[in-house]
Amino acid sequence: MHLLVFDSGIGGLGVVREIRRLQPHARITYLADNGFFPYGEKPDAVLLPHIVKLIGGAIGVFKPDAVVVACNTASTIALVALRAVYAVPFVGCVPPIKPAAAASKSKVIGILATAATVRRVYLQDLIEKFAPECEIHSLGTPTLAELAEQKFRGFPVDVASAVAPLFMQPGAERIDAVALGCTHYTFLHPEFQALYPHIAWFDPALPVAKRTLAVTQDLAPAHGGYAGTAWFTAPLPDFDVMQARLAEFGFYEVRQGLPAAYTSRRIF
Ligand code: DGL
């Protein structure tokens, strides 16, 4: 079974780690659109056609059995269009509002995400469906995804000033659960926990991996799985560092740019 896992950068690797635990024999191709990072700061009208075209091209070249869109920003904007255009099964990623609302005793919950995800109607629908009884405080931040990229590369990061505005909103001092609405934040989870230990932080990586298992469990396991290739849409200035880090996620081959077949392929 061959999965294509997609994100704008390193965020989806948290999902990959959980998929590897649940499905150790899955073959995984990782596609990171670092050439267009950060998604969270780009307008919907630009992101939608870009994502549909990029993932469509990747489906044509890599021929995965299923695609995991391990990016909240991409999922909330493009999943409906992707499912309408391509026949392959898709697993999306949404902020874990449901478990955060269920766990909250104060019924005041926080959502931390990219600016693009926070402004989505999709998010409002999730809130109405899964947290109608909750008071919601959300923060769309431009900096956390970049800090996650830096931490991944071994740089020390300080998330305090980026997160603090969430708790400065009137009434937000009663927040006791926060849904992390960006896969990059998986890598900052320890920092959030250390800063606000009384709060339950909900990460989307494991739920997405569980959903992937449910969607793909009837597909045949790949032989000699685990290893796979990570593709980055743009050159990595810190290739050696990234190569070492990606090996920890089972990617022993790291490629920059896109396969030749990809650029010559007609997507629609
Ligand atoms: N990892 C992506 C997400 O889950 C977004 C990061 C970005 O490109 O802004 O939303």
Side-chain angles (χ1 to χ4, degrees), residues 4-19 30-55 58 67-82 90-97 100 110-124 126 138-153 157 159 162-163 166 178-189 191-192 201-209 211-212 230-234 236 242 245-246 249:
L4 172 67
V5 180
F6 169 78
D7 183 36
S8 59
I10 55 96
L13 292 168
V15 175
V16 166
R17 186 166 53 199
E18 301 301 337
I19 293 175
Y30 190 71
L31 176 60
D33 190 12
N34 60 320
F36 218 59
F37 176 86
Y39 278 8
E41 296 303 302
K42 300 206 165 52
D44 298 8
V46 173
L47 284 174
L48 177 61
H50 175 82
I51 293 167
V52 172
K53 194 173 168 189
L54 181 66
I55 295 187
V67 178
V68 181
V69 183
C71 171
N72 292 257
T73 312
S75 294
T76 53
I77 192 170
L79 211 50
V80 172
L82 287 167
F90 284 93
V91 177
C93 183
V94 294
I97 291 170
I111 302 170
L112 206 53
T114 64
T117 296
V118 161
R119 68 171 177 261
R120 274 302 128 56
V121 174
Y122 196 97
L123 193 68
Q124 293 314 314
L126 280 179
S138 57
L139 178 69
T141 146
T143 39
L144 285 173
E146 175 54 36
L147 289 179
E149 292 276 341
Q150 288 176 18
K151 183 181 172 193
F152 189 83
R153 288 159 168 84
V157 294
V159 301
V163 185
L166 176 65
V178 176
L180 297 178
C182 171
T183 48
H184 274 74
Y185 303 172
T186 299
F187 293 96
L188 301 174
H189 201 165
E191 280 77 5
F192 299 143
W201 296 87
F202 288 86
D203 177 66
L206 183 57
V208 176
R211 181 75 196 131
T212 305
W231 286 88
F232 286 77
T233 58
L236 292 162
M242 289 297 279
R245 284 297 274 129
L246 284 153
F249 293 81

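Atoms within a ligand are numbered from 1 in the order they appear, just like the ligands themselves. We're numbering straight along the sequence, starting at 1.
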| query | Taking everything shown except Arg119 itself, do over 12 heavy atoms lie less than 6.0 Å from its CZ? | reply | yes
| Quick check: does any side chain N or O of Tyr122 sit under 3.5 Å from a backbone N or O of Val94, one acting as donor and the other as acceptor? | no
| query | Is ligand 1 under 4.0 Å from a heavy atom in the side chain of Tyr39, in the backbone, in both, or in neither? | reply | both
| message | Which of the numbered atoms in ligand 1 are under 4.0 angstrom from any heavy atom belonging to Asp7? | response | 1 (N), 2 (C)
| said: Tell me if a side-chain donor or acceptor on Glu149 pairs with a main-chain N or O of Ile10 at a distance below 3.5 Å. | reply: yes
| Please state which protein non-hydrogen atom is closest to atom 9 (O) of ligand 1 and give its distance, to 0.1 Å? | Gly40 N, 2.8 Å
| task | List the steps and the verdict of side-chain contact (heavy atoms from CB on, under 4.5 Å) for Tyr185 and Asp203. | result | CA-CA 8 Å; Tyr185 303 172; Asp203 177 66; 5.6 Å; no
| Residue, atom name and distance, where the atom is the protein heavy atom closest to atom 2 (C) of ligand 1 | Cys71 SG, 3.2 Å
| note | Nearest non-hydrogen protein atom to atom 1 (N) of ligand 1, with distance, is His184 ND1, 2.7 Å
| Should you measure from each heavy atom of Phe37, which atoms of ligand 1 turn up under 4.0 Å away? | 7 (C), 8 (O)
| message | Pairs of nitrogen or oxygen atoms closer than 3.5 Å, one from Thr183 and one from ligand 1: do any exist? | response | yes
| When Leu144 is tested against each of Leu180, Leu188, Leu139 for side-chain contact (heavy atoms from CB on, under 4.5 Å), which residue passes? | Leu188
| Is the backbone N or O of Thr233 less than 3.5 Å from a side-chain atom of Asn34, with the two atoms forming a donor-acceptor pair by type? | yes
| message | Suppose I only count heavy atoms of Thr114 and a 4.0 Å limit; which atoms of ligand 1 are within that range? | response | 5 (C), 9 (O), 10 (O)
| task | Please state which part of Ser8 comes within less than 4.0 Å of ligand 1, counting heavy atoms only: side chain, backbone, both or neither. | result | side chain
| Closest non-hydrogen protein atom to atom 10 (O) of ligand 1, residue and atom name please, with distance? | Thr73 OG1, 2.6 Å
| task | Can you label the angle between the His50 ring and the Phe36 ring as parallel, tilted or perpendicular, going by 30° and 60°? | result | parallel
